[in-house]
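Structure record follows, encoded as structure tokens.
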Number of protein chains: 2
Amino acid sequence: MRRSNDDAASEPGGDLLPDAADHARQYASVRRAHETELIEDYVELIGDLLAAEGEARAVDIARRMGVRQATVTKMVGRLSELGLVKSLPYRSIFLTDQGQAVAERSRKRHVVVLQFLRAIGVSDATARIDAEGLEHHVSDETLEVMRRFIADLQ
Amino acid sequence: MRRSNDDAASEPGGDLLPDAADHARQYASVRRAHETELIEDYVELIGDLLAAEGEARAVDIARRMGVRQATVTKMVGRLSELGLVKSLPYRSIFLTDQGQAVAERSRKRHVVVLQFLRAIGVSDATARIDAEGLEHHVSDETLEVMRRFIADLQ
DNA sequence: CGAAAAACTTAGCTAATGCTAATCTCTTTA
DNA sequence: TAAAGAGATTAGCATTAGCTAAGTTTTTCG
Ligand SMILES: [Mn+2]
Ligand SMILES: [Mn+2]
Ligand SMILES: [Mn+2]
Ligand SMILES: [Mn+2]
């Protein structure tokens, strides 16, 4: 029944072990982000390819994601079931309205995170790599802080 | 053979679609982070529990992680195979030297990210949530920038 | 046109991470 | 000290995300 030091959050420097329920919510939040992360990356990439090339082919998605075509086919099937994507066999992939919305939102967030990293002095190459992972774990509140930070620099 | 606009990276505001190989490396980097992410969180949590309570029991890990005990048992088995943890059936879990090192490194990084978020104006509650996910995608370079940012504020 | 090449799909496999239900072991307490 | 309760484990299932190998369809080109 070991119950001793709790409320580590209130201790000076007690940044570890917050209240157990809150702690669990933190991890749950991360798990939730992981569920949508890949979906967002695929949809965002498809949107970028559509904007840049006019079409999004599985080969190109595979090359950019660094995965096999079979993996892309399977993922596109999932995106289709989720109503984010419209695709016919052996044809280019397109975004539904819902997919467009997701792509737009992801793209904006990605750009803010990338610009923020550069703004605080991270090199472009590193900023790009880090942004690709960080973007999915940035809350609206933090995103807004980043946006302000960038704006204040002008 | 649609080959048209490349080197988006060099365009003004071209923050989308970098060189394909680089782009693939970005995603690969994220995938790599995801492989170690959970491991780091478990090991870090076990370290924190050992420090705070003297022992790390599966119940407590389960409660804090917000998962079932069966999930913890399985994960501890994996950590054990990885040589990060030492455990006997029905007994507390301990860290190996290697595990200690991982825990230490993770803890330090986590704290820097948390303090950085607070430093730029994110609320404590949000900073805690975001840090739990962000920490795993922060490169050494970015971490150093964050550290300097915090230090310069004193 | 008709082959060869490229693109795409399908089937079947693996690993990671979660779950529930059932069981086992240990600890507490009446 | 024996039952009850708490903690831990095991077995079996589902989902996600990747892979290879084998086939299909479409496109390119001699
Ligand atoms: Mn992105
Ligand atoms: Mn991403
Ligand atoms: Mn952590
Ligand atoms: Mn974490």
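Throughout, protein chains are lettered first and strands after them, A, B, ... in sequence-line order, and every chain is numbered starting at 1. Keep in mind the model is a prediction, meaning the values are calculated, not measured.
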Please give, in whole Å, the distance from [N] [atom2] to [X] [atom1]?
{"X": "Arg32(A)", "N": "dT16(D)", "atom1": "CZ", "atom2": "P", "value": "16 Å"}
{"X": "Arg57(A)", "N": "dT25(D)", "atom1": "CZ", "atom2": "P", "value": "16 Å"}
{"X": "Glu55(B)", "N": "dA8(D)", "atom1": "CD", "atom2": "C1'", "value": "14 Å"}
{"X": "Arg68(B)", "N": "dA22(C)", "atom1": "CZ", "atom2": "P", "value": "14 Å"}
{"X": "Asp60(A)", "N": "dC8(C)", "atom1": "CG", "atom2": "C1'", "value": "13 Å"}
{"X": "Arg31(B)", "N": "dA16(C)", "atom1": "CZ", "atom2": "P", "value": "16 Å"}
{"X": "Tyr27(A)", "N": "dG18(C)", "atom1": "OH", "atom2": "C1'", "value": "16 Å"}
{"X": "Arg63(B)", "N": "dA8(D)", "atom1": "CZ", "atom2": "C1'", "value": "14 Å"}

Can you sort out the partners of Ala70(A) under side chain to side chain contact (heavy atoms under 4.5 Å, CB included), two or more places apart, ordered by chain and number?
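Here no residue qualifies.
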Does Ser29(A) have any side chain to side chain contact (heavy atoms under 4.5 Å, CB included) partners at least two apart in sequence or in another chain, and if so, which?
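With neighbours one apart ignored, the set is Arg32(A), Ile129(B).
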Which atom pairs, donor and acceptor, lie under 3.5 Å between side-chain atoms of residues 110-120 of chain A and protein residues at least two apart or in another chain?
residue	atom	partner	partner atom	Å
His110(A)	ND1	Glu44(A)	OE2	3.0
His110(A)	ND1	Glu135(A)	OE1	3.0
His110(A)	ND1	Glu135(A)	OE2	3.4
Arg118(A)	NH1	Asp124(A)	OD1	2.5
Arg118(A)	NH2	Asp15(B)	OD1	2.8
Arg118(A)	NH2	Asp15(B)	OD2	3.0

DNA chain D contacts made by residues 34-47 of chain B, counting heavy atoms under 4.0 Å:
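Nucleic-acid contacts, sorted: none.
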When you check the gap from the basic side-chain N to the acidic O, do Asp60(A) and Arg57(A) get nearer than 4.0 Å?
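No, no charged N to carboxylate O under 4.0 Å.
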Pair Asp22(A) + Arg25(A), salt bridge at N-O below 4.0 Å:
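Answer for the salt bridge query: yes.
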Between side-chain atoms of residues 145-154 of chain B and protein atoms elsewhere (two or more places apart, or another chain), which donor-acceptor pairs fall under 3.5 Å?
residue	atom	partner	partner atom	Å
Arg147(B)	NE	Glu144(B)	OE1	3.2
Gln154(B)	NE2	Ile150(B)	O	3.0

For residues 82-94 of chain B, please give each side-chain donor-acceptor pair under 3.5 Å, one per line with the distance, not counting sequence neighbours.
residue	atom	partner	partner atom	Å
Ser92(B)	OG	Ala56(B)	N	3.0
Ser92(B)	OG	Ala56(B)	O	3.3

If you find the nucleotide of DNA chain D closest to Ser92(B) and the one closest to Thr71(A), which residue's nucleotide is nearer the 5' end?
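The residue mapped nearer the 5' terminus is Ser92(B).
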Sequence neighbours left out, what pairs pass ring-ring contact (aromatic ring centres under 6.0 Å, His included) with at least one residue falling in residues 24-68 of chain A?
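Listed once each, the pairs are His23(A)-Tyr27(A), His34(A)-His137(A), His34(A)-His34(B).
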For residues 98-109 of chain B, pull every pair meeting side-chain hydrogen bond (donor to acceptor under 3.5 Å, both in side chains), keeping only residues two or more places apart or in separate chains.
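Those involving residues 98-109 of chain B are Glu40(B)-Arg109(B), Glu104(B)-Arg107(B).
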List, with names and distances, any nitrogen or oxygen atoms from the protein found under 3.5 Å away from nitrogen or oxygen atoms belonging to nucleotides 9-14 of chain C.
residue	atom	partner	partner atom	Å
dT9(C)	OP2	Thr73(A)	OG1	3.1

